[in-house]
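Worksheet for the structure shown next.
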Amino acid sequence: MRPEGQRDDKPIRKLKQLPARHIMASGTPMCAGCGGLEAINEAYDVLGENTIFVNAAGCMTLLSIYPYTPFRGSWLYTAMAAAPAGAQGVRDALDVLAAKGKLDRDEDLEVVVLTGDGSAYGMGLSATSGALERDLDFLYICYDNEGYGNTGHQYSGATPHAARTATSRGEHGFGGYKKDLFSIWAAHRPAYVATALAAEPLDLAKKVQKAKQLKGPRLILALSPCPTGWDFEPRDALEMGRLAVETGVWPLKEYVDGVVTHTKVPKTRLPVERYLGRQGRFRHLFEPERDTGQLDEIQARVDAYWDAIER
Amino acid sequence: MRRLLTGNGAAAWGARLAEVDYIPAFPITPQTEIIERLAEWVDRGELNGRLVTLDSEHSMITAAGAAAATGARVFTATSSQGLLYGMEMLYTVSGWRAPFVLANVSRGLASPLTLEPDHNDVLAARDSGFIQLHAATCQEVLDLTLLAYRIAEDRRVRLPVLVNLDGFYLSFTREPVELPEPEQVRRVLPPFEPSTLRFRASAPVSQAVAVLGGGPYSYFRYEMHLAATQALVAFQQAAEDFAQVFGRSYASVERYRCDDAQYAFVMMGSFATKAKEAVDRLRDEGEAVGLVRPRMVRPWPEEELRAALSGMRGVAVIDQNLSTGKGGVLHSELCSALYGQPDAPPVLTSFIGGLGGRDIDAAELFEILRVTKRAVETGERPPPRLLYTEHELKEMRKLQAIAAVEHPAEEEATP
Amino acid sequence: MKTASRILGTALFLDGFEVQDAPRYGAERRGAPIFAYVRADSREIHERGIIDRPDLVVVADDSLCQVPAAGVRLGLSAQTVVLIRSREDAATWRERLRVPGPMLVLPASSTDDDGGESLLGAECVGAAARLLGVVTRDSLKAATGQELERLPEEVRARNVRAALRVFDGHADHAGIVTGQPTLPLAAQEPPRWIDLQVESADVAAPTIHAGGTSVQVRTGLWRTMRPVVDHERCHRCHWMCALPCPDNALLVDDAGYPRVDLDHCKGCMICVAQCPFHVIHAVPEHEAQTAERAEAGDA
């Protein structure tokens, strides 16, 4: 139902093509150096103002606190488990009103769910799966900061193995393993699934643009280095994202028409400890003595992933 | 046109005649027939709207609120566990000031799990910000559904409205229902005009945003409360328009044979018609008794209730719900409306019954009146009565025996 | 500040007082202003929540005085002692804030005596404890250790040293905080309750009817370090620095040079880390402000 005019933006090929000024306004209460906010900034530029963000409880809920909002377009806060259902209601209402002649085509909006990993990997999964099976025409942007960031960074379904969080302060950190949300989405055979992060702005912009041009359920899963929750200096937020890619911890990839393609394959992967060693949440793997067992396991899992891809 | 319809059918017809744009749905007994009907009409093109089955009632109520916040006319329906599963969103979407209508087919709550009706589900939503209307007949289910849209969409109110119908006793029971013509309905129910609260590219809004601090929060919540109180006026005006077109008139509080009554039963929902039957028989015997039934439970029509009960000697409140550790919700609510009022009835007896579909028969209603009269005459206030008979306990004992329940009392008796 | 308030609370508790301490959280994140309060009494404390008539106000960072939400001046009376950690002197602050009572400054420096990064929380609590006059040195020491239990031994020890150094340095002002009598009932202003009227949902829904209103929030006040762009050496590759700025606070001018939006830059220094030619420098905010004032004075 969306006007086609929104869909034929000039293809993004170079960094220089990205706008010098973001459309999102300043003045948000996010932490200094927030990797999630960076990603949303970059995505919003491509999506444009004719967007409604449907939000679930998380850090970004605080973007819009009465009477302040950084968005030039629209926003609806729902609840932690409910954002895709909110998107369903908005999308359906816009479609029905348009079909009945109660809404001009140029009044239409791109419906975008915006949640953190707590909602995307956990509480909102039932609503997400429902939206996918109904082939809802929406984009889902998840800023994945690998924990319940808004409440002080307790472990979530997205927390990586061994990370220390506010609820895994023990000797070995978090005992579980990060859930593979990309594959969970892909198993539903939606229009588009992609991983991304702010540290690769061109890759992110291309993916958002591609997602915008498709119809149906689409996911941009953006790893969001979190200075507060991961314990590193805010200035290193981009560097942390880059290391996540270069160590192979965060593969950049996309799923279209049943095929998964890696959009950036590190030629020689850096050892994972280059990434882990920069973050306080993994400090116990290095101090007071090196936890070779855990480090080897994490490295082996990353290697196994890429071996399977490259085979 | 007059035809036989179940309560569920009447609710579905209410939505159809309101020409709703959107129906987010989720099946649950005893409500499912409503969405099945609507789905069929949408599929056949008889209802120009979209019906979507969500993954849960939580999602369903979210979608309903979101669509209403976008400017669509929305209908949805649930029951019991479903209403509670969506409870977070009941509070949430009313705070959005999203106007739509939700039919609740009331059913007792687990545990133990039951399919049969009582009012604990709908009363759990009492403080959610939804306006609540309670139907006693299938005709009322239809009429109140139409009136509900007038109230919900009223600029002074703009809150969602819950229309309650009792499971089984209404949901699956057919009665003659006068079905209005769509043309007539349009005369009392104009299209939804969402004003500035909607999503459009040309007028960006951020809805349902968070607040910081108790000051702004209190403003928004107080305004919701004040808006809810406006529903009394909105209901009255809509009912007047409705009466002009259809000849059926509705007040927020129904009074039945109350004019010279010294005593009254107070009840909600479909069992109140059983009380009407009892009133007729008691009147035949010369008892000055009537029935008072709030159709509107939120906002609570205090003035109307005070007026209806003013000067009576005794009032018997029959609650089909149980606030565990307290008693009947309706009884408490009525006490708060009457306390300290001049001419308030001095005696308000409390009876809890009809839980999980248990019947309340005429003999019980007669006895309820006797107990209430005795309280007035003796000046003694009986404790709340949980309606349960000797026979019921005996039957229960048989079930317990099969369930291999050992009674400690019997153990003690054994040397 | 939450930890500082807890250290003070614990110290008072160890000295036999009934105590209440609590932080006050807003929606804002790490780096955003925060306040915390401590109540102490010889009898059970019934009052709760924000202190409306403080006996002592400690401001850990003088930039907070510009933040209305921080409410530095809230409830100041002639008996309230105000202590500000600042590079400016007490007279300046007394005038600027129109402080009616005693006004003290805790000299701010970016390093402490050990040469390490300044521990402003510990310094503030050391001063506060001494100004109260009822906290013993031993309790302060014990409380600091206790509240920082989770930190590595060496960090904890530095904090203890900083707290005690400032405590010792404020002997002249020991007991300057005297407390104030409770107000008589007649002096208590009655609340001006109103009969709130119902307003249309177009007015009374929690809805913002415009975009981009957050620019009115001056997140620039969070900043302790400021990025300064050397435009002479700048290569104008703004996509390297302005693009990743999470706060959209590097504005690119018509000539392609990035300019820092000081009202909104939170000082994350991502741009400093990103600039491939190292022409964006991190300058302590107070130095930048001093330089600005000097420049303004010259002009």
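Just so you know, these numbers use all the heavy atoms, side chains as well, and skip hydrogens, waters and symmetry mates. Proteins come first, then strands; the chains are lettered A, B, ... in the order of their sequence lines, and each starts at number 1.
Although no hydrogens or angles enter the test, the distance criterion places a donor-acceptor pair under 3.5 Å between the side chain of R218(A) and the main chain of A211(A). At distances below 3.5 Å, not a single donor-acceptor pair connects side-chain atoms of R72(A) with backbone N or O atoms of E49(A).
With rounding to the nearest 0.5 angstrom, the CZ atom of R16(B) is 8.5 Å from the CG atom of L179(B).
Heavy-atom pairs under 4.5 Å with chain B were tallied for S129(A), A79(A), A82(A); the largest tally goes to A82(A). In terms of heavy-atom pairs under 4.5 Å with chain B, the best-connected choice from T61(A), L103(A), V54(A) is L103(A). Between chain B and the residues A81(A), G130(A), G73(A), the largest count of heavy-atom pairs under 4.5 Å involves G73(A). If you tally non-hydrogen atom pairs under 4.5 Å between each of S74(A), P67(A), A83(A) and chain B, the highest count goes to S74(A). Note on P216(B), P24(B), G71(B): by heavy-atom pairs under 4.5 Å with chain A, the leading option is G71(B). Between chain A and the options S206(B), A208(B), P204(B), P191(B), heavy-atom pairs under 4.5 Å are most frequent for S206(B).
Looking at S64(A), the atoms closer than 4.5 Å to chain B (heavy atoms on both sides) sit in the backbone and in the side chain alike. Of the two parts of F199(B), the backbone and the side chain both hold a non-hydrogen atom closer than 4.5 Å to a non-hydrogen atom of chain A. Only the side chain of L97(A) comes within contact range of chain B, with at least one heavy atom under 4.5 Å from a heavy atom of that chain. Of the atoms belonging to V211(B), heavy atoms from both backbone and side chain fall under 4.5 Å from chain A. The contact between S202(B) and chain A is made by backbone and side chain atoms together, counting heavy-atom distances below 4.5 Å.
Taking the six-membered ring where the residue is Trp, the centroids of Y140(A) and W185(A) are separated by under 6.0 Å.
Contact of the R91(A) side chain with the L136(A) side chain is registered, since non-hydrogen atoms from C-beta on lie closer than 4.5 Å. The closest side-chain heavy-atom distance from L37(A) to L63(A) is below 4.5 Å.
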Q) Where do D117(A) and Y148(A) land on the side chain to side chain donor-acceptor pair (under 3.5 Å) test, with the steps shown first? A) CA-CA 8 Å; D117(A) 50 282; Y148(A) 294 112; over 6 Å; no

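Residue F100(B) forms a ring pair (Phe, Tyr, Trp, His ring centres under 6.0 Å) with just one option from Y149(B), F130(B), F192(B), and that option is F130(B).
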